[in-house]
Amino acid sequence: MSTLTDLLAEHTKLSGAAVDHLQLVVAEWQLLSDLSFADFVMWVPLEDDKFLCVAQARPTTAPTAHPEDVVGSEVESEEHPQLRRAMDESRICREEDPRWHLGVPVRRETIPVRLGTQVIAVLSRSTNLAVPRVPSPLEISYLGSAADLCQMIADGTFPAPEPSPDVHTSPRVGDGLIRLDPSGAVVFASPNALSAFHRMGHASDLVGVHLAPLTRSLIGDPFDATEVAQRIRQALEGQPSMRMEAESRRGAAVLFRALPLRPRGQAAGAIVLCRDVTEVRRRDRALMSKDATIREIHHRVKNNLQTVAALLRLQSRRLSNPEAKEALAESVRRVTSIALVHETLSMSVDERVDLDDVVDKVIPMMSDVAVTETQVSVRREGGFGIVPAEIATPLVMVLTELVQNAFEHAYAPGQRGEVVVHSERSAKWLDVTITDDGKGLPQGFSLERTDRLGLQIVRTLVDSELRGSLSLRRRPRGGTEAVLRVPLRGRR
């Protein structure tokens, strides 16, 4: 299904400012839908006296009037004359008699979306009348707030661009709603809003209380207290307010958002949305503590592995047997490769590794080991991307062993050459090819029967840890090619 931006670009000639405004409306209209107990559909006019549906929202507070998806559909002006009336008359048009839609009685209204002096779209508000509703203070307050906000859309004053918020979530209508009169006194507070303020330390009712000074007295941090109170006052003055989170003296964390209500330019107070996020923040802190502990463990493992590598180097210097010195040097290389993975994990916020970064650190290390005996360079092509931690360590070890195997067995001492590590990644597989331009595999070579320790390690890791496949073969123009395939689907 095409997005709002795609539909507008394909079917209309709206300016960038108009598209941005419609995106703001869509970003806010779940609030309108929940307050109205109604579905909202956005229509844009086409050149042939038709209207195109470009977006749709359903309420979470009432049954939907549009169970079907209408995005992308077109209607003639004759089928829905209120759309043209709202455009031409630039006012909200209400339908007196309900209509039946898919066996459900529906009341429809249309709201022009104004930007400056131009109506750029029309919102259709459809209310499902099949479920009888008993007027209550909550419903009356919700519908009154929705009416004011819809009128502000028709006026072109809502939604207004606001500065980047301090938090990236927003409280919803069901989380808690408070309606203020123009003086800032509470005229209605939903049960969830009362609960949020009770947890903050206010035990009595909110109706009649001036919200800004009350909220300021409940918040522990003086700066946050002043900031929240100021944003409530700004909403009463007609200014858009950013979302903000604050913690009460009792340790309750609450997310606030204040919206001005100024239908037809007349001050009608404000609505304040609030959400108790105390448990969410407690879990966030627990996860942050856990993540910090895991990163510290990776850091200590890396330090311990580096200590082991240093001890092996010291032991190697005391040996005179060349084979023993070479074996210890290979062990140092393997331990250092694992340490590099843990170093990357110690700086990661999740258990995932940027393998390109690790490989780019391992490759120079292998080149340094080989430079005394050969003049072979190694380079990387393509990208490995981000991989889960459980395959990062065995994968890095397999790569280092295969590259080191090329250094040791493909070239004679002093011979020049190049080893290329090429990787290609798809949604399902990571394919790695390591090629050299050396003397190639010996006659009768078999990966399954080889007695080389490095290749035995590689086979074990590929089969048991990576659940992948590996093959070694001669290249047509000389040299050897190692082909590794690792499955990625099902990995976190």
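FYI, the numbering just counts along the sequence from 1.
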Under 4.5 Å between any side-chain heavy atoms of [X] and [Y], yes or no?
X: Met87; Y: Phe51; value: yes
X: Arg275; Y: Asn192; value: no
X: Val19; Y: Leu4; value: no
X: His202; Y: Ser204; value: yes
X: Phe384; Y: Ser423; value: yes
X: Pro171; Y: Cys274; value: no
X: Glu28; Y: Leu24; value: no
X: Leu123; Y: Val25; value: yes

Legend entry - Glu47 CD: over 12 foreign heavy atoms closer than 6.0 Å: no
Legend entry - Atom CD of Glu68 with >12 non-hydrogen neighbours under 6.0 angstrom: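 Result for CD/Glu68: enclosed.
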Inset, instruction - Begin from the C-alpha positions of Gln230 and Ile232 and carry the test side-chain contact (heavy atoms from CB on, under 4.5 Å) through to its verdict. - result: CA-CA 5 Å; Gln230 181 63 27; Ile232 294 174; over 6 Å; no
Do any N or O atoms from the side chain of [X] and from the backbone of [Y] form a donor-acceptor pair under 3.5 angstrom?
X: Ser33; Y: Ala38; result: yes
X: Ser124; Y: Thr110; result: no
X: Ser141; Y: Pro137; result: no
X: Glu109; Y: Arg125; result: no
X: Arg249; Y: Ser217; result: yes
X: Ser77; Y: Pro81; result: no
X: Glu10; Y: Leu7; result: no
X: Asp354; Y: Ile386; result: no
X: Ser126; Y: Asp39; result: no
X: Glu465; Y: Thr393; result: no

Legend entry - Results of side chain to side chain donor-acceptor pair (under 3.5 Å) for Gln151 - residues two or more places apart only: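 Testing Gln151 for side chain to side chain donor-acceptor pair (under 3.5 Å), a comparison that skips the adjacent residues, returns Asp155, Arg264.
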Minimal non-hydrogen separation, [X] against [Y], with atom names:
X: Ile219; Y: Ala246; value: CD1-CB, 3.7 Å
X: Pro98; Y: Leu129; value: CG-CD1, 3.5 Å
X: Pro394; Y: Leu466; value: CG-CD2, 3.8 Å
X: Arg99; Y: Arg108; value: NH1-NH2, 3.1 Å
X: Ala258; Y: Ala235; value: CB-CB, 3.6 Å
X: Leu261; Y: Met152; value: CA-SD, 3.8 Å

Inset, instruction - Please collect all salt bridge (Lys or Arg N to Asp or Glu O under 4.0 Å) contacts where either partner lies in residues 169-191, sequence neighbours excluded, each pair once. - result: Asp148-Arg179, Arg172-Asp175
Inset, instruction - Enumerate the residue pairs fulfilling salt bridge (Lys or Arg N to Asp or Glu O under 4.0 Å) with a member in residues 184-202, sequence neighbours excluded, ordered by first and then second residue. - result: Arg199-Asp276
Inset, instruction - Could you name each residue pair satisfying side-chain hydrogen bond (donor to acceptor under 3.5 Å, both in side chains) that touches residues 112-121, not counting sequence neighbours? - result: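 Pairs touching residues 112-121 that pass the test: Ser90-Arg114.
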Legend entry - Stepwise side-chain contact (heavy atoms from CB on, under 4.5 Å) test for Val173 and Tyr142: CA-CA 9 Å; Val173 170; Tyr142 277 24; 3.3 Å; yes
Inset, instruction - For side-chain contact (heavy atoms from CB on, under 4.5 Å), just list the numbers for Trp43 and Val41, CA-CA rounded to whole Å, side-chain angles, deciding distance to a tenth of an Å, and then say yes or no. - result: CA-CA 7 Å; Trp43 302 92; Val41 177; 3.4 Å; yes
Could you state the interatomic distance from [atom1] ([X]) to [atom2] ([Y]), rounded to the nearest 0.5 Å?
X: His11; Y: Glu74; atom1: NE2; atom2: CD; answer: 6.5 Å
X: Ile391; Y: Leu461; atom1: CD1; atom2: CG; answer: 12.5 Å
X: Ile92; Y: Gln82; atom1: CD1; atom2: CD; answer: 11.5 Å
X: Ser145; Y: Leu35; atom1: OG; atom2: CG; answer: 6.0 Å
X: Cys93; Y: Ile111; atom1: SG; atom2: CD1; answer: 10.0 Å
X: Leu32; Y: Leu149; atom1: CG; atom2: CG; answer: 5.5 Å

Legend entry - Donor-acceptor side-chain pairing of Glu424 and His422 below 3.5 angstrom: yes
Legend entry - Between Thr5 and Gln23: side-chain donor-acceptor atoms closer than 3.5 Å: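 A donor-acceptor contact under 3.5 Å links the two side chains.
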Inset, instruction - Applying side-chain contact (heavy atoms from CB on, under 4.5 Å), run through Asp221 and Glu247 and close with a yes or a no. - result: CA-CA 7 Å; Asp221 184 275; Glu247 189 169 307; over 6 Å; no
Inset, instruction - Could you tell me which residues satisfy ring-ring contact (aromatic ring centres under 6.0 Å, His included) with Phe188, sequence neighbours excluded, listed by chain and number? - result: none
Legend entry - Residue list, ring-ring contact (aromatic ring centres under 6.0 Å, His included) with His66, at least two apart or on another chain: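 Per chain and number, His66 pairs via ring-ring contact (aromatic ring centres under 6.0 Å, His included) with His101.
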Legend entry - Short N-O contact, Arg425 and Asp431, less than 4.0 angstrom: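 No.
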Legend entry - Side-chain ion pair, Arg231 and Glu245, N-O less than 4.0 Å: no
Legend entry - Qualifying residue for side-chain contact (heavy atoms from CB on, under 4.5 Å) with Phe197, from Ile178, Val254, Val186: Ile178
